[in-house]
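Along the sequence shown, the residues carry numbers beginning at 1.
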Amino acid sequence: MPHYVYIETVGCQMNVLDSEMVVASLRQHGYQLVDSVDQADTILFNTCSVRQHAEDKIYSALGQLRRHKQRYPEKIIGVLGCMAQKDQRLIFERAPYVDLVVGPGQLQQTAELIEQARAGGGRQLAVSLGRRDGPVEQIRRSHETFDPLRDPTMRPTPFQAYLRIQIGCDKFCTYCVVPMTRGPEQGRPPEDILAEARLLADQGCKEITLLGQTVNSYRYHSGGRTTRLADLLVALHDIAGIQRLKFVTNYPQDMTAELLQTVRGLPRCSRYLHVPLQSGSNRILRSMKRGYTVEDYREMMARIREFLPGAAVSSDFIVGFCGETEDEFQQSMQMVRECRFKSSFVFKYSERPGTKAAELLPDDVPEDVKRRRNQELLALQDAVSEEDNQQFLGRTVEVLVEGPSRAAEKRGEDGDGLQLTGRTMCDRIVVFPGTRRLVGEILPVTIYDCTAHTLIGEVAAAQAGPELVGLSTPLPLAGKA
Ligand code: 5AD
Ligand code: SF4
């Protein structure tokens, strides 16, 4: 009998990828993906624990299913991902009608666990060992990476894909729950990564984004050889069909000259680096245990500017971390002015159980102060972004067309003059008029206007010579070339 699965995903790109894998595996077990709870016989939430707010949203969504489950007791409800690992049995206590709780390291078992629950096997719990629950090797093995299958239909576009190169994190920043939920840092074997990239290229993928919590710390030791991110980039760069390579998220201390030099030599490597600074104050960075100073970060920025002039750098900031004074917050503001980030993600500090900060440092910055600092930092970043976007006016940039813009989708537009959206090599969003046929192509677009978050332009092909028109012709796909 066919089954119907509905999956809701919150959180980071890692979760988006995990959901893609779970759906691919369920399809192999005869499931079809549906887009509403009502159509589904299996309802899954792939969850995030990085901030309290993300968890509240999931618990509230689960609360709304209480009635649904009473009416349809045969439906299976599952909680997957980071919150499953963090809260474990607590989820069954708070929502007794949940049938399965599956951590990020056990996702490969999802189909089987659903079957067991459906067959009357009761509640299913599959999670990894905690970071203090045994010998390191055993803990590592309990966090298994799950990357055997790809499901192109789950991706936002068929020509863009995430590729995991690393799981877990060993940095133990004092505020962060990730080392607990995703376990020890482990690099995937390079041959697996390359094989997956070739498969993606065969499926028509043009842009691959390599994923890791600290992606540039990637290392894989085997047979006396160490493979680093730079080596992977070189190998991936040669795969026919792959036209853009990105990697997120970077850790400042591992942004080496060697890596930057390698990127400089690889034209298909994106000139965009997301390297979270988190705070502009050395005292706060120390109490976050980030492992670098503001001076180290400045040196890294200088290295980036030297090796990759014109590269876009973006950051994350946490405002209102334990004991953050107004002066320390102003130091974060100062770093936004100084580093001129392309964009910044700003988060109000959220205390996470199980972290060092929750154990040792009081969450003492009032909520309204956090909110005000959040708005102030975002407003400053917007002003910087808008000013820096001006440099693109009159310039022609290469854009990978992702699809109709959200506004166009909402208005139900189609045909000629459809508003399309895409990204430049340095990850700037560009909107311009076109037609649906252009989706998935890499096109030259001339910019005539901008806001803080968007460049606005027109396809340059019509005015340009034949060589630019040629650019808009899709390259043959790998494997078919
Ligand atoms: N509170 C607020 N923000 C956090 N982040 C991680 N943990 C927390 C927390 N406890 C932010 C960091 C990280 C991003 C993914 O989420 O800025 O870079
Ligand atoms: Fe969390 Fe720090 Fe690891 Fe990033 S580097 S995932 S913030 S512990």
Side-chain angles (χ1 to χ4, degrees), residues 5 7-26 29 42-52 54-59 61-62 76-117 121-149 162 164 166-170 172 176-188 211-213 352-355:
V5 60
I7 189 165
E8 205 164 299
T9 306
V10 294
C12 62
Q13 292 115 325
M14 218 38 120
N15 267 16
V16 173
L17 178 57
D18 279 339
S19 290
E20 183 189 325
M21 305 285 182
V22 167
V23 170
S25 142
L26 290 178
H29 287 81
T42 308
I43 302 161
L44 302 176
F45 292 94
N46 194 5
T47 62
C48 170
S49 277
V50 91
R51 281 169 291 277
Q52 183 64 43
E55 292 192 350
D56 292 345
K57 277 206 316 217
I58 295 296
Y59 276 116
L62 283 174
I76 298 292
I77 300 178
V79 175
L80 319 178
C82 285
M83 201 179 87
Q85 178 63 38
K86 175 178 155 285
D87 285 359
Q88 305 192 359
R89 287 187 190 283
L90 182 66
I91 296 172
F92 293 135
E93 282 166 32
R94 288 184 65 173
Y97 42 90
V98 167
D99 299 284
L100 55 139
V101 167
V102 188
Q106 285 68 37
L107 295 175
Q108 67 280 13
Q109 300 169 28
T110 308
E112 199 185 309
L113 294 166
I114 295 172
E115 279 327 299
Q116 282 169 18
R123 288 173 181 163
Q124 306 293 315
L125 173 75
V127 289
S128 297
L129 292 174
R131 300 266 334 212
R132 290 182 193 145
D133 291 350
V136 175
E137 252 329 292
Q138 214 175 325
I139 298 172
R140 270 175 198 270
R141 276 200 304 275
S142 81
H143 287 270
E144 210 180 310
T145 157
F146 174 42
D147 299 274
L149 298 155
Y162 294 127
R164 186 180 351 249
Q166 177 193 58
I167 63 168
C169 181
D170 281 342
F172 287 101
C176 187
V177 79
V178 169
M180 274 62 80
T181 59
R182 291 200 174 256
E185 178 185 321
Q186 304 182 63
R188 289 182 67 205
L211 294 187
Q213 303 297 340
R352 305 287 54 222
T355 59

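There is a side-chain donor-acceptor pair under 3.5 Å between Q166 and E185.
Nearest heavy atom pair, residue R182 against residue N15, reads NH2-OD1, 2.5 Å. In terms of heavy-atom proximity, V127 sits nearest to Q85 at CB-OE1, 3.4 Å. Here the shortest heavy-atom pairing between Q124 and G121 reads NE2-O, 3.3 Å. The nearest pair of heavy atoms linking C82 to P104 is N-CG, 4.0 Å.
Taking 4.5 Å as the limit, some side-chain heavy atom of Y59 sits within range of a side-chain heavy atom of I91. D18 has its side chain within reach of R164: a pair of non-hydrogen atoms, C-beta onward, lies under 4.5 Å apart. Between L107 and V102, some side-chain heavy-atom pair lies under the 4.5 Å cut-off. In this structure the side chain of L26 reaches within 4.5 angstrom of the side chain of I114, judged on heavy atoms.
Shown are R352, E55, K86; of these, the side chain to side chain donor-acceptor pair (under 3.5 Å) with S49 is made only by E55. For the side-chain contact (heavy atoms from CB on, under 4.5 Å) criterion with L44, the lone passing option out of T9, V23, L80 is L80. Considering I58, N46, V16 in turn, I58 is the only one that fulfils the side-chain contact (heavy atoms from CB on, under 4.5 Å) rule with V10. A side-chain contact (heavy atoms from CB on, under 4.5 Å) with T47 holds for exactly one of V79, L62, D87; it is V79.
With hydrogens and angles ignored, the 3.5 Å screen pairs a side-chain donor or acceptor of Q186 with a backbone N or O of R140. A donor-acceptor contact shorter than 3.5 Å is absent between the side chain of R123 and the backbone of V101. Side chain of D99 to main chain of I77: a donor-acceptor pair is present (N/O by atom type, distance under 3.5 Å, no hydrogens or angles). Counting only distance, with no hydrogens or angles, the side chain of R131 and the backbone of G183 share a donor-acceptor pair below 3.5 Å. A donor-acceptor distance shorter than 3.5 angstrom exists from the side chain of S128 to the backbone of S142, with no hydrogens or angles considered.
Within 6.0 Å of atom CD in E115, more than 12 heavy atoms from other residues, nucleotides or ligands are found, so the atom counts as buried in its surroundings.
Here the OG1 atom belonging to T110 is positioned 10.0 Å from the NE2 atom belonging to H29, to the nearest 0.5 angstrom.
No salt bridge links R51 with D56; every basic N to acidic carboxylate O contact stays at or beyond 4.0 Å.
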